[in-house]
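Both ligands and their constituent atoms are indexed starting at 1 by order of listing.
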Amino acid sequence: MAINSTGLQPGQGAGEENNHSHLAPVVVAALSAVSLRCVECSVLYPALEAGQPRYRCACGGVLDVEMSPRLPDAYVDDTLPAGAGWRQLFDERAATPPIWSITTDRMLLDYSGVWRYRELILPAPDTYVVSRPEGNTSLYPVGIENCSASRSGHRQIGLYAGLERLFLKHEGENPTGSFKDRGMTVGVTMARMLGSTAVACASTGNTSAALASYAAQVGMRAIVFLPAGNVAGGKLAQSLAYGAETIQIAGDFDDAMRLVEQVCDELGIYLLNSLNPFRVEGQKAIGFELLQQLDWQAPDWLVLPAGNLGNTSAIGKAFRQAYELSLISHMPRFASIQAEGANPFYRSFKQGFATRESMQAETVATAIKIGNPVSFSRARRVIEESDGIVESVSDAEILAAKTVIDRAGIGCEPASAATLAGIRKLVAQGVIHRDEHVVGVLTGTLLKDSKTGIPQEASGVVIKPTLDAVRRVLS
Ligand code: F0G
């Protein structure tokens with residue numbers, strides 16, 4: 001008989017009184033403050049229901065986590081300006097030096113670039129948290145004005161973009177090499193809180209690597225569905241090395257996504273795509289961390305690549321919350337950048353979101369080769385609320401921008417370079433002004449895809465180990 005991911009057999013646990021009797025009281029208490037609201041029809045669900053975890057509303061819409069963040073009592077001071085208590089709390093935690101004592105758990109939480117903001121992420125009991133830790137990624141100043149001429153390599157990026165004040169937040173510096181670790185630490189923590197023994201996702205490669213790593217940390221079964229032939233070698237290698245059951249689908253990401261949702265429903269496996277609203281909560285930390293690195297001064301623009309649209313949704317929600325808590329004084333405008341051959345969100349945007357487009361996707365940036373994005377409605381809200389924009393760039397533009405980022409010595413994977421390609425295009429169009437303050441997100445590391453956009457001929461030269469031979473090559 002199939003065992004569902006809450007550890008119950010189907011049909012068990014239907015009685016109101018002992019719905020959650022298999023869960024620790026501390027988990028039930030923590031999640032009693034959390035609700036899930038449908039992005040389409042606004043119906044509200046409790047985070048804990050009998051039976052299978054819920055990923056969609058009865059109407060089919062995706063869900064958004066709702067809870068009221070509570071500032072710890074020690075930081076409440078009505079004489080201070082709004083937001084000051086939150087800033088003090090997060091700044092103190094960020095200042096904690098990563099020196100491990102014998103009892104590391106609490107320090108690990110403060111040091112994680114996700115759990116440092118835990119009151120705004122998930123009220124997980126400390127002992128359930130599964131963390132590498134993640135986050136604490138660099139924010140590179142690369143604009144013409146905010147990057148001095150002495151770092152002429154990095155400054156090439158600002159010159160290419162045509163911007164005075166540009167920062168790049170490099171999420172490829174996370175433990176498994178992409179921003180997905182931020183969502184996955186929360187997703188796997190949630191799986192643990194629910195007593196799940198198996199987790200699964202469909203992926204273009206980065207989500208699966210993160211899922212495999214975090215599941216392995218706690219000995220959980222991990223199952224990943226990948227579009228065969230469309231995953232960069234390094235990403236596939238990670239899933240295999242971390243011990244995930246890796247299933248390649250003779251289809252594209254959208255096929256794999258449809259399939260994994262059915263598989264998880266039928267077999268009671270906990271689904272960890274960004275359809276899972278708790279993954280989105282973790283990814284919000286990209287926004288909180290970059291705002292903290294900017295001393296809580298919001299930029300004018302936030303630019304990022306867009307595929308399944310989880311990240312646009314998450315960072316948008318983070319900025320909205322930061323604004324509501326008076327951590328920042330204005331909302332940045334969003335620019336989500338899609339590859340020309342995988343741009344359904346752009347096509348919908350161009351029609352004022354009158355229709356929801358989908359397409360057969362094709363692009364050299366395999367991470368964002370997605371034709372029917374799951375978080376469409378969540379991301380649409382972010383674009384509309386922030387007076388944002390969706391832009392589309394060609395594969396040639398993506399690869400040209402990647403070369404600029406690579407040659408600066410920073411490097412990124414192809415999908416991430418859509419950010420710089422998009423910025424350059426929007427500056428050229430006069431949409432982003434040269435003196436505006438812009439943060440671009442680089443979503444993944446250079447290291448997983450050793451082929452796309454990287455000159456292979458340079459490694460083709462093999463010479464004799466003699467000085468003469470070297471002289472000839474370098475002359
Ligand atoms: N950049 C990289 C490096 C990615 O891996 C992804 C998504 C995106 C951008 C797009 O982010 O989906 O939140 O809009 N990768 C997913 C995966 C689909 O399976 O690894 P999004």
Side-chain angles (χ1 to χ4, degrees), residues 62 137 169-174 176-184 187 200-213 224-227 230-232 234-236 238-239 244 246 249 252-254 256-257 260 271-276 279-280 282-284 286-287 303-317 334-339 342-346 361 363-376 378-380 382-383 390 393 398 402 405 411-422 440-449 452:
V62 296
T137 59
K169 175 81 171 149
H170 206 327
E171 287 296 297
E173 296 175 1
N174 271 290
T176 76
S178 84
F179 69 97
K180 304 290 183 178
D181 293 341
R182 295 187 186 260
M184 210 48 80
C201 70
S203 179
T204 55
N206 280 324
T207 302
S208 48
L211 176 115
S213 166
V224 305
F225 294 84
L226 306 176
N230 279 295
V231 175
K235 300 178 185 178
L236 178 59
Q238 280 180 296
S239 285
T246 303
I249 304 294
D252 59 17
F253 170 83
D254 301 295
M257 188 63 230
V260 76
L271 176 65
L272 278 178
N273 277 97
S274 53
L275 178 61
N276 184 320
R279 272 255 335 262
V280 174
Q283 284 172 209
K284 287 188 321 194
I286 302 169
V303 187
L304 79 174
N308 217 16
L309 298 174
N311 227 12
T312 300
S313 312
I315 304 178
K317 187 174 178 187
F334 264 72
S336 294
I337 314 296
Q338 296 213 287
N343 64 359
F345 193 48
Y346 169 77
T363 169
V364 70
T366 51
I368 50 174
K369 189 175 163 185
I370 295 172
N372 189 16
V374 161
S375 288
F376 183 97
R378 294 176 181 140
R380 171 188 170 169
V382 170
I383 297 299
V390 186
V393 290
I398 288 175
K402 176 177 154 56
I405 296 166
C412 68
E413 75 160 90
S416 307
T419 291
L420 180 60
V441 183
L442 300 180
T443 44
T445 178
L446 161 86
L447 293 170
K448 300 193 197 199
D449 186 343
T452 314

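- Neither the backbone nor the side chain of Gln283 comes within contact range of ligand 1; no heavy atom lies under 4.0 Å.
- Proximity to Glu413 (heavy-atom distance under 4.0 Å) selects the following atoms of ligand 1: 3 (C).
- A distance-only check finds no donor-acceptor pair linking the side chain of His170 to the backbone of Cys412 [under 3.5 Å].
- Near Ala367, meaning under 4.0 Å from one of its heavy atoms, ligand 1 places the atoms 2 (C), 3 (C), 4 (C), 5 (O), 6 (C), 7 (C), 15 (N), 18 (C).
- Nearest-heavy-atom check against atom 17 (C) of ligand 1 across Asn311, Asn273, Thr207 picks out Thr207.
- Polar contact with ligand 1: absent for Ser416 (N/O pair, distance under 3.5 Å).
- Between Leu226 and Ser208, some side-chain heavy-atom pair lies under the 4.5 Å cut-off.
- Counting heavy atoms from C-beta outward, Lys180 and Arg279 have side chains that approach closer than 4.5 Å.
- Judged purely by atom type and a 3.5 angstrom limit, Asp449 uses its side chain to pair as donor or acceptor with the backbone of Thr452.
- Looking at ligand 1, you'll find an N or O of Gly310 within less than 3.5 Å of one of its N or O atoms.
- The atoms of ligand 1 that sit less than 4.0 Å from any heavy atom of Asn308 are 12 (O), 14 (O), 21 (P).
- Considering each of Thr204, Thr445, Asn206, Leu442, the one bringing a non-hydrogen atom nearest atom 5 (O) of ligand 1 is Asn206.
- The side-chain heavy atoms of Val441 and Glu171, taken from C-beta on, include a pair separated by under 4.5 Å.
- Using a 4.5 Å heavy-atom cutoff, the side chains of Val62 and Val374 are in contact.
- Near Ile368, the atoms of ligand 1 lying under 4.0 angstrom from a non-hydrogen atom of the residue are 8 (C), 9 (C), 10 (C).
- Rounding to the nearest 0.5 angstrom, the gap separating the CD1 atom in Ile370 from the CZ atom in Phe345 is 13.0 Å.
- Of all protein heavy atoms, the one closest to atom 2 (C) of ligand 1 is Thr443 OG1, 3.4 Å.
- Ligand 1 has at least one atom lying under 4.0 Å from a heavy atom of Ile370.
- Regarding atom 11 (O) of ligand 1, its nearest protein heavy-atom neighbour is Phe179 CZ, 3.5 Å.
- Residue Asn308 holds its CG atom at 9.5 Å from OG of Ser203, rounded to the nearest 0.5 Å.
- Residue-to-ligand polar distances place Gly307 within reach of ligand 1: an N/O pair is separated by less than 3.5 Å.
- Partner of Asp181 under the side chain to side chain donor-acceptor pair (under 3.5 Å) criterion, chosen from Thr137, Thr176, Asn206: Thr176.
- The shortest N/O to N/O separation between Ser203 and ligand 1 falls below 3.5 Å.
- When hydrogens are left out, the protein atom nearest atom 16 (C) of ligand 1 is Lys180 NZ, 3.0 Å; that is the closest non-hydrogen contact.
- Of all the heavy atoms of Ala306, the ones lying under 4.0 Å from any atom of ligand 1 belong exclusively to the backbone.
- Between atom 21 (P) of ligand 1 and the options Val374, Leu309, Leu211, Val231, the minimum heavy-atom separation is to Leu309.
- Residues Asn311 and Phe179 form a side-chain contact, since some pair of their non-hydrogen atoms from C-beta on lies under 4.5 Å apart.
- With Glu413 contributing its side chain and Gly444 its backbone, the two residues share no donor-acceptor pair below 3.5 Å.
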